[in-house]
Amino acid sequence: DQYERCPLCWYLRYVLRLPSPESDEARTGTVVHAALDRFVKAWTNADSEGAARPGLTDLLRMGKAALIEELGRGAAVSDEDAGTVDAQLRSYYERFHDPASQTIETERTIEVPYVVDGVTHTLTAKIDRVDLTQDNTYRVIDYKTGKGWTNLREPKKDDLQFGVYAVALRHAHHEEGALRGT
C-alpha cells in the first residue's frame with residue numbers, strides 16, 4: 001500500500017531506513033499498544049494466579065501511564081491526547097475484550113521463509129494479539145488507532161494482511177489447517 005501511494009517514500013523508509021517524524025497518530029498508536037499489552041499481561045497473570053482480573057478502570061490507568069512514559073516524565077499531558085487514548089481504550093474494551101477467550105500471544109513478530117523461482121525470501125508478520133476463543137478458533141486482533149476506515153473495520157476476504165498472519169501463525173505453531181479466522 002505504501003509503495004503504491006509513493007514509491008520514493010517507500011524506498012526512503014524501507015530501503016534506506018531514513019527516520020521519519022512521528023505523527024500524533026503514530027504516538028497515540030504506540031501508547032495504546034503499550035497499554036493494551038500491559039492490560040492483556042495483567043489479565044493473564046491475574047487469571048493464572050486466581051486474583052481479581054483488571055477492568056476498564058485499570059486499562060484507562062495503564063493508558064495514562066503509557067502516555068506519560070511516551071511523552072517523558074514531567075511533560076504536560078494535554079486533555080486532547082488523554083481523551084484520544086481514553087476513547088480508543090474504551091472502544092477496544094467494549095468491542096474486543098472477551099473475558100471468555102484466552103489470549104495466547106501478544107506483540108509477536110514471526111518470520112516465514114518462502115521460495116519463489118528458487119530464491120528464498122522472508123515474509124515478516126507483526127501480530128498484535130491472538131486469542132483462542134471458546135469454540136477453539138483463533139481470533140487475530142490488529143489494533144488500529146487511526147481513522148476507522150471501512151476496509152480496516154471489515155477486511156475483505158482477499159485482504160493480504162490477515163492472510164499473511166494466518167500463514168505466519170501456521171508456520172510458528174507448525175500446524176497445517178489449524179487456523180480458522182474470526
Side-chain angles (χ1 to χ4, degrees), residues 1-41 62-63 65-73 75-78 80-85 87-89 91-92 95-96 103-131 138-176 179 181-182:
D1 178 57
Q2 290 182 2
Y3 180 82
E4 287 178 356
R5 282 187 278 148
C6 179
L8 179 59
C9 294
W10 180 89
Y11 179 78
L12 294 172
R13 181 174 182 186
Y14 294 103
V15 176
L16 296 182
R17 300 192 185 277
L18 295 178
S20 58
E22 187 174 57
S23 66
D24 289 343
E25 290 84 5
R27 186 183 67 225
T28 299
T30 298
V31 169
V32 170
H33 272 228
L36 290 171
D37 190 47
R38 291 175 190 171
F39 177 77
V40 168
K41 287 177 181 171
M62 291 173 192
L67 181 58
I68 290 168
E69 289 170 17
E70 180 66 19
L71 295 175
R73 297 267 178 226
V77 176
S78 74
E80 183 179 355
D81 286 342
T84 300
V85 169
Q88 291 192 6
L89 291 174
S91 177
Y92 154 79
R95 295 179 64 208
F96 298 110
T103 299
I104 57 173
E105 295 188 283
T106 61
E107 302 294 330
R108 171 112 187 251
T109 299
I110 303 170
E111 293 186 345
V112 181
Y114 68 98
V115 179
V116 176
D117 295 331
V119 178
T120 301
H121 301 272
T122 302
L123 181 71
T124 302
K126 295 181 180 181
I127 301 173
D128 292 335
R129 188 171 125 203
V130 180
D131 288 352
Y138 292 96
R139 181 170 84 154
V140 176
I141 298 175
D142 187 51
Y143 305 134
K144 297 294 186 194
T145 56
K147 295 178 183 176
W149 299 333
T150 301
N151 65 332
L152 297 177
R153 289 191 316 265
E154 301 166 12
K156 295 178 183 174
K157 291 184 184 235
D158 64 348
D159 182 277
L160 291 178
Q161 183 177 10
F162 285 97
V164 169
Y165 288 168
V167 169
L169 287 168
R170 280 193 183 114
H171 175 78
H173 294 281
H174 307 289
E175 299 175 10
E176 275 304 315
L179 293 174
T182 59

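Starting from 1, each residue takes its place in the sequence as its number.
- Residues satisfying the side chain to side chain contact (heavy atoms under 4.5 Å, CB included) test with Cys6, not counting sequence neighbours, are Leu8, Cys9.
- Taking Arg108 as the reference, Glu105 meet the salt bridge (charged side-chain N to carboxylate O under 4.0 Å, His left out) condition, with sequence neighbours excluded.
- Residues Glu107 and His33 share a closest heavy-atom pair of OE2-ND1, 3.4 Å.
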N/O donor to acceptor pairs below 3.5 angstrom from side-chain atoms of residues 112-130, sequence neighbours left out:
| unit_1 | atom_1 | unit_2 | atom_2 | d |
| --- | --- | --- | --- | --- |
| Asp128 | OD2 | Tyr143 | N | 2.7 |
| Arg129 | NE | Asp131 | OD1 | 2.8 |
| Arg129 | NE | Asp131 | OD2 | 3.4 |
| Arg129 | NH1 | Tyr92 | OH | 2.6 |
| Arg129 | NH2 | Asp131 | OD1 | 3.4 |
| Arg129 | NH2 | Asp131 | OD2 | 2.4 |

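- Residues Val31 and Leu67 approach most closely at CG1-N, 3.6 Å, considering heavy atoms.
- Scored by the side chain to side chain donor-acceptor pair (under 3.5 Å) test, Ser91 finds no partners at all (sequence neighbours excluded).
- You'll find the side chain of Leu71 reaches within 4.5 Å of the side chain of Arg27, heavy atoms only.
- For the side chain to side chain donor-acceptor pair (under 3.5 Å) test, no residue two or more places apart in sequence or in another chain qualifies with Tyr11.
- In this structure Arg17 satisfies the side chain to side chain donor-acceptor pair (under 3.5 Å) test with no other residue, sequence neighbours excluded.
- Here the closest heavy-atom approach between residue Thr106 and residue Thr103 is recorded as CG2-CG2, 3.6 Å.
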Query raised in the report: Hey, mind stepping through Asp142 and Tyr165 against side-chain contact (heavy atoms from CB on, under 4.5 Å) and telling me if it holds?
Result: CA-CA 10 Å; Asp142 187 51; Tyr165 288 168; 3.1 Å; yes

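- Heavy atoms only, all atoms of each residue included: Ala34 and Ala66 are closest at CB-CB, 4.1 Å.
- Between Leu169 and Val140 the shortest side-chain heavy-atom distance falls below 4.5 Å.
- One finds the CD atom of Glu69 at 12.5 Å from the OG1 atom of Thr30 (value rounded to the nearest 0.5 Å).
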